[in-house]
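Just follow the structure's listing: the first ligand is 1, and inside any ligand the first atom is 1. Computed from a predicted structure; not experimentally measured.
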Amino acid sequence: MLDLFADAEPWLEPLAPGAVILRRFALSRAAALFQGIDDVAAVAPFRHMVTPGGYTMSVAMTNCGELGWATNARGYLYSPVDPLTGQRWPQVPTALSELCHDAAVAAGYPDFQPDACLINRYAPGAKLSLHQDKDEANLAAPIVSVSLGLPAIFQFGGLRRQDPLKRLMLEHGDVVVWGGESRLFYHGIQPLKSGDHPEAGAFRYNLTFRQASNSE
Ligand code: SIN
Ligand code: FE2
């Protein structure tokens with residue numbers, strides 16, 4: 001397939017107050033990012049977490065960094081230890097942390113110091129229902145979210161669940177950053193359409209960098 005954007009420079013699309021999409025920002029580094037994801041998953045495998053309500057999530061997840069997002073019978077939490085292995089989560093691979101830093105700077109958040117990186121893997125049909133990212137102790141820090149592999153439709157709303165939703169296609173290499181006024185805006189991913197991506201096969205991957213602890 002002819003890809004007219006293969007050599008294009010990244011471009012910035014405003015999304016909401018405090019939120020931007022850095023289109024194709026991660027494209028030129030995708031190979032190193034996939035390698036980093038593979039390295040993390042070799043130590044902390046992808047798994048389908050079960051919500052406190054007993055629902056098995058369709059998205060497969062793992063983490064790297066000081067803290068990782070997980071579920072247990074009581075709720076959602078950030079833990080320094082992977083509940084599956086009993087070991088600390090793997091360190092964030094350099095390619096991932098450098099990309100996150102550069103994206104945060106480009107989006108106007110130069111002081112962002114993430115301590116958690118959640119890695120999501122979507123197979124066809126997998127989705128993430130509308131939610132707020134509010135398990136982090138430091139809500140002054142933004143979220144940096146990197147999309148790789150198959151495209152997906154991202155919903156981005158407002159502070160209330162019933163606020164109108166924007167629906168945007170997120171493609172391979174796109175980075176969304178939201179903070180400030182939009183830090184707690186509802187968002188989600190519609191069920192993934194099947195496809196065959198040259199580097200990711202049947203999957204979409206998403207990295208979200210967060211500052212989960214309040215220490216900084
Ligand atoms: C998330 O909301 O944590 C992930 C969003 C995405 O997969 O793009
Ligand atoms: Fe989220």
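- Using a 4.0 Å heavy-atom cutoff, Arg210 is listed among the residues neighbouring ligand 1.
- Salt bridge annotation for Glu9-Arg23: absent, with no cationic side-chain nitrogen under 4.0 angstrom from a carboxylate oxygen.
- Between Asn63 and Tyr78, the closest side-chain pair of non-hydrogen atoms is not below 4.5 Å.
- With a 6.0 Å radius and a threshold of 12 heavy atoms from other residues, nucleotides or ligands, Gln132 has its CD atom above the threshold.
- Around CD of Glu171, the count of heavy atoms belonging to other residues, nucleotides or ligands within 6.0 Å exceeds 12.
- Residue His131 places at least one N or O, backbone or side chain, under 3.5 Å from an N or O of ligand 1.
- Between Pro83 and Asn72, every side-chain heavy-atom pair lies at or beyond the 4.5 Å cut-off.
- Side-chain atoms of Trp178 and Ser145, non-hydrogen and from C-beta on, do get closer than 4.5 Å to each other.
- From the protein, the heavy atom lying nearest to atom 7 (O) of ligand 1 is Tyr122 OH, 2.5 Å.
- A 4.5 Å side-chain heavy-atom check between Leu67 and Trp89 finds every atom pair outside the cut-off.
- The Fe ion (ligand 2) is closest to atom OD1 of Asp133 (considering only N, O or S atoms).
- Among protein heavy atoms, atom 5 (C) of ligand 1 sits closest to Asn206 OD1, 3.8 Å.
- No N or O atom of Asp133 sits closer than 3.5 Å to an N or O atom of ligand 1.
- Heavy-atom contacts of Arg204 reach the following atoms of ligand 1: 6 (C), 7 (O), 8 (O) (cutoff under 4.0 Å).
- Short contacts between ligand 1 and Leu128, defined as distances under 4.0 Å to a heavy atom of the residue, involve ligand atoms 1 (C), 2 (O), 3 (O), 4 (C).
- Angle NE2(His187) to the Fe ion (ligand 2) to NE2(His131): 90° [nearest 10 degrees].
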